[in-house]
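Everything below concerns the one structure shown next.
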Amino acid sequence: MKCLKCNYFPAGAPLLSYLSYWDMGYMNGTFCLPARPPLSPASYQPLSLCYMRFDDCMENEGVVFQSGDARFSVGIDGSIYTQREVAGLSGPVQFTVTASGPHTHVWETTVKLALMGQPTPSPPGNQIRVEQGKEGERKEEEGVKAPPEFQAPPTVIMFPRQWEMSSKGLRRQKRDWVIPPINVPENSRGPFPQMLVSIRSDQDRNISIRYSITGVGADQPPNEVFSIDPVAGKMFVTKPLDRERRSSYHLRAHAVNMNGERVESPIDLYIYVIDMNDNRPEFKNQVYNGSVDEGSKPGTFVMHLAAFDNDDNTTANGMVRYRILSQTPHSPIPNMFTINSETGDIVTVAAGLDREKVSQYSIIVQATDMEGNLNFGLSNTATAIISVTDINDNPPELTSRTFSGEVPENRVNVVVANLTVIDRDQPHSPNWNAVYRIISGDPIGHFTIITDQHTNDGMVTVVKPVDFEQNRAFMLTVVVNNQAPLASGIQSSLQSTSGVTISVVDINEPPYFPTNPKSIRFEEGVPAGTSLTTFSASDPDRFMQQSIRYSKLADPADWLSINNTNGQIITTATLDRESIYVKNNIYEATFLAVDNGSPMASGTGTLQIYLIDVNDNAPSLLPRESQICERINRNAGINITAADTDTDPNVGPFVFELPTFPASIRRNWTVSRLNGDYARLSLRTQYLEPGVYEVPVIVTDSGNPPLSNRSIIKVKVCPCDENGDCTLVGAVAAAGLGTGAIIAILVCIIILLSMVLVFVLWMKRREKERQTKQLLIDPEDDVRDNILKYDEEGGGEEDQDYDLSQLQQPDSLEHIISKPPGVRRVDERPIIPESQYPIRPVVPHPGDIGDFINEGLRAADNDPTAPPYDSLLVFDYEGSGSTVGSVSSLNSSSTGDQDYDYLNDWGPRFKKLADMYGGGDDE
């Protein structure tokens, strides 16, 4: 079995320092022995020198340790003991320790012991040889020469031999091996290349060896950080290393012959970059924000700051310490806060934080590496802003001991007084927001106090109307608190309580009806002029002498009148319970009461008259129409009932009966009682001719006295099918139509349907023909959606022959002179000497440019030969003469030589023209 983990511990530490290779079941170390006086053999006790850690990756089961020196022994737990007195040692002691397991595994290591106070010698050249046991287990012999901080890299590395168990004993065999790491400081100044180690093979005495290295930093990016002399085997670093970019390198060294054949197994080289203090601590933010409650006790946590150093945090280079450089402001003391030098936690160190005095502190924090050493460490700073948060340590105080206001009676949602308060806590916070309460003076709850969210004032508001006649003033006691409770130890202020005086203003209140609505009961049918009741109102203003007058406001049926002084209600018509204005036997009327105050006020009252029913309406028969089969049937009949607008007890049960006259009624029909409200009308004879019959029925109610009504029900007698339902023919026959009439109606219906069908077919055929038929007229003659063309009358003959020379610039004046009078173009250039323009100097002075331009402009303005010419341009000439007559010949003439009477023969379109020029005398 082979373990993969390898831990390295430097050798040479006193007593308990050791070098351990757990993964290879290997241990090697140098230990110092304590010097002590010699003891007699009888009094000698074994001395435990050190503990050797060993792990074969199989929990050390059955492993036995053997010491190569009889003066020392090894326990089963790896402890090394002295077997005899070793005080007489004059130098270091070196012996081997062998560990063997049950599976023929053999491990071997060398232990070096020295007396304390004596130096530990090391072999020349600081050579390292590694030998290997069976099945890949490794052993090492090492001479250590290194400073206490880290193991110095070996100067020469030999490809080793190893031991293997065989039937003939142990024999040497080559094998891979691991050497201690090579430590290289970062940021080295050179010179480069700088030698790190020399690699050799013990076969270089016999053959030529070529050495090479592979891995990250050699032949893999970043390339060429390390190089090796292929002949001498010396490995170099070629440039400064940066631990913050890469802290270690893993290379493999190879040894081949001149043919490229491998002569040694590759060895692993671990190169560790030793950290230097080349990075300052860095804060993530330049400004940190924290908060602490005012009044906090010393030791209260405020906030945390952290700085990160890219250097190795296991060394002093990356160990950061914090301290506070300054605090602003210094109130109440300059050192209100402190910071934990290792964790960066800021806490309070003194009492006295008061937000109302200092609401914010600014603290400069310094972070220094090298464990805070200001002489050697690098530093950086950040700012901590500490806000002092508010607590409710200031109770609200009313600005006055008394407040006053007034309110009109019977008004609600009116602010009658405004209470002002002072609170020094954080505005618009629960510690500042005021809550007002009325603790006395308002037992019924007429008032409430609403807090203004912006000003924190208390607005005393009326929520229930007040009555001047009952309370002319209110004396309220008000207390104010905050939404948040007061902080521990803070007492309420005496100014948190105040008195509020509210005066009630008397106003003219409207009269009111004590009983509203007022209900009375009367039988219907009360005649006109009957006094029903007195509906009077009261005036709540007891301290005002006022009179009340009454009037009718709403009377749907116009049945009532009211006395305008005393409110007496008198009927003006008969009260009828069955009227449409009566709902649920109640008739309502509304009356108005008005006082003579200033201003006048009015109140309304409702009078409800419950009308008791009397039997004044006879019942009526239902239904008015029905049908029945022509032949008698036991279950056939018509269920009839009655409707009565009266109410109990003036309605059912009803009595239904047939009249005695005419006698045919009782001979053909009969009525049988079903219950108090229903009866059945049926045929008395076996067969009755189909038709419509009017059957009179007498209905009597149960009123006192009872009322009767003779009603007519129209009954259609018709033939029925087996289910007892009237057939269609039978229903028509019952309506009074004969068989011939019925046939005629059916024929008419068939003819009408046939005509509709023929019309539909004709329309479809016509539409199809319109789609397939070509146009019978010329498209040019079709005037639908076309542009109509009319004959054009062009100009005269000379309009077709234009004289373009009229538009051209003449070359000489003879052409102008030879033109006939009246037709001339005078836009030619005048024949006069040309004006003289100023000559520009060959080398003009910059100041003369403006003068030169102005002189040239004046000369051009005064030059008559310079275009454009100031002349009249003629463009409307079209030639002279025409072979046709003038249009002016159509003018009317007063001589009467022209006869226009023929225009009357040209039809109505020329009638207007004939009236203008035809017959008749001139006016």
Side-chain angles (χ1 to χ4, degrees), residues 578 580 615-647 650-703 706-756:
E578 288 74 31
I580 60 175
N615 193 18
D616 56 349
N617 294 280
S620 59
L621 186 66
L622 293 176
R624 297 300 180 92
E625 295 181 359
S626 186
Q627 62 184 14
I628 193 171
C629 295
E630 60 184 354
R631 297 186 182 276
I632 190 171
N633 190 342
R634 178 177 299 178
N635 297 326
I638 303 170
N639 292 334
I640 59 176
T641 184
D644 197 332
T645 56
D646 293 325
T647 60
N650 299 319
V651 288
F654 300 101
V655 177
F656 302 90
E657 57 183 350
L658 297 175
T660 58
F661 182 85
S664 61
I665 298 301
R666 291 196 173 188
R667 183 173 61 248
N668 297 329
W669 305 90
T670 181
V671 175
S672 59
R673 179 184 177 87
L674 296 179
N675 54 38
D677 294 330
Y678 287 89
R680 174 170 291 176
L681 176 64
S682 58
L683 291 177
R684 181 183 292 275
T685 61
Q686 293 297 325
Y687 174 79
L688 188 62
E689 181 71 22
V692 178
Y693 297 86
E694 292 185 355
V695 181
V697 179
I698 300 175
V699 184
T700 305
D701 61 19
S702 299
L707 296 179
S708 299
N709 182 26
R710 180 186 174 99
S711 300
I712 301 297
I713 178 173
K714 290 184 179 181
V715 181
K716 296 179 181 179
V717 180
C718 60
C720 296
D721 55 16
E722 61 275 7
N723 296 325
D725 298 327
C726 285
T727 62
L728 178 60
V729 177
V732 176
L737 298 177
T739 303
I742 295 174
I743 294 175
I745 293 174
L746 293 177
V747 171
C748 292
I749 293 174
I750 293 174
I751 293 174
L752 182 60
L753 293 176
S754 301
M755 292 176 64
V756 172

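Counting heavy atoms from C-beta on, the side chains of Val692 and Lys716 come closer than 4.5 Å. Residues Leu621 and Phe656 meet the side-chain proximity criterion, which asks for heavy atoms closer than 4.5 Å. Proximity of Trp669 to Ile713: side-chain heavy atoms (C-beta onward) are nowhere separated by under 4.5 Å. Between Tyr678 and Ile640 there is no side-chain heavy-atom pair separated by less than 4.5 Å. Looking at Ser682 and Thr670, their side chains come closer than 4.5 Å, going by heavy atoms from C-beta outward. Between Asp701 and Val651, the closest side-chain pair of non-hydrogen atoms is not below 4.5 Å.
Crowding of Tyr693 atom OH: a count of heavy atoms from other residues, nucleotides or ligands under 6.0 Å exceeding 12.
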Distance-only criterion, 3.5 Å: show the donor-acceptor pairs between side-chain atoms of residues 659-666 and protein atoms not counting sequence neighbours.
unit_1, atom_1, unit_2, atom_2, d
Arg666, NE, Leu658, O, 3.0
Arg666, NE, Pro659, O, 3.4
Arg666, NH2, Leu658, O, 2.6

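We find the CG-CG distance between Leu622 and Asn639 to be 12.5 Å, quoted to the nearest 0.5 Å. The structure places NZ of Lys714 at 10.5 Å from CZ of Arg624, a figure rounded to the nearest 0.5 Å. Between the CG atom of Leu683 and the CD atom of Glu630 there is a distance of 9.5 Å, given to the nearest 0.5 Å. Atoms CG and CD1, on Leu746 and Ile743 in that order, are 7.5 Å from each other to the nearest 0.5 Å. Note that the CD1 atom of Ile712 and the CD atom of Glu625 stand 12.5 Å from one another [nearest 0.5 Å].
Taking every heavy atom of both residues into account, Ser708 and Ala618 meet most closely at O-CB, 3.7 Å. Contact between Arg673 and Phe654 at its shortest, heavy atoms only, is NH1-O, 3.2 Å. Here the closest non-hydrogen pair linking Val699 and Ala642 is CG1-CB, 3.6 Å. In terms of heavy-atom proximity, Pro706 sits nearest to Asn615 at CA-ND2, 3.8 Å.
At least one donor-acceptor pair under 3.5 Å links the side chain of Asn709 to the backbone N or O of Pro619. Distance alone, capped at 3.5 Å, places no donor-acceptor pair between the Arg684 side chain and the Val671 backbone. Thr641 places a side-chain N or O within 3.5 Å of a backbone atom of Asp677 that can act as its donor or acceptor partner.
Under the rule for a side-chain contact (heavy atoms from CB on, under 4.5 Å), the partners of Ser702 that lie at least two apart in sequence or sit in another chain are Pro653.
Cys pair Cys726 and Cys720 fails the test of SG atoms under 2.5 Å apart.
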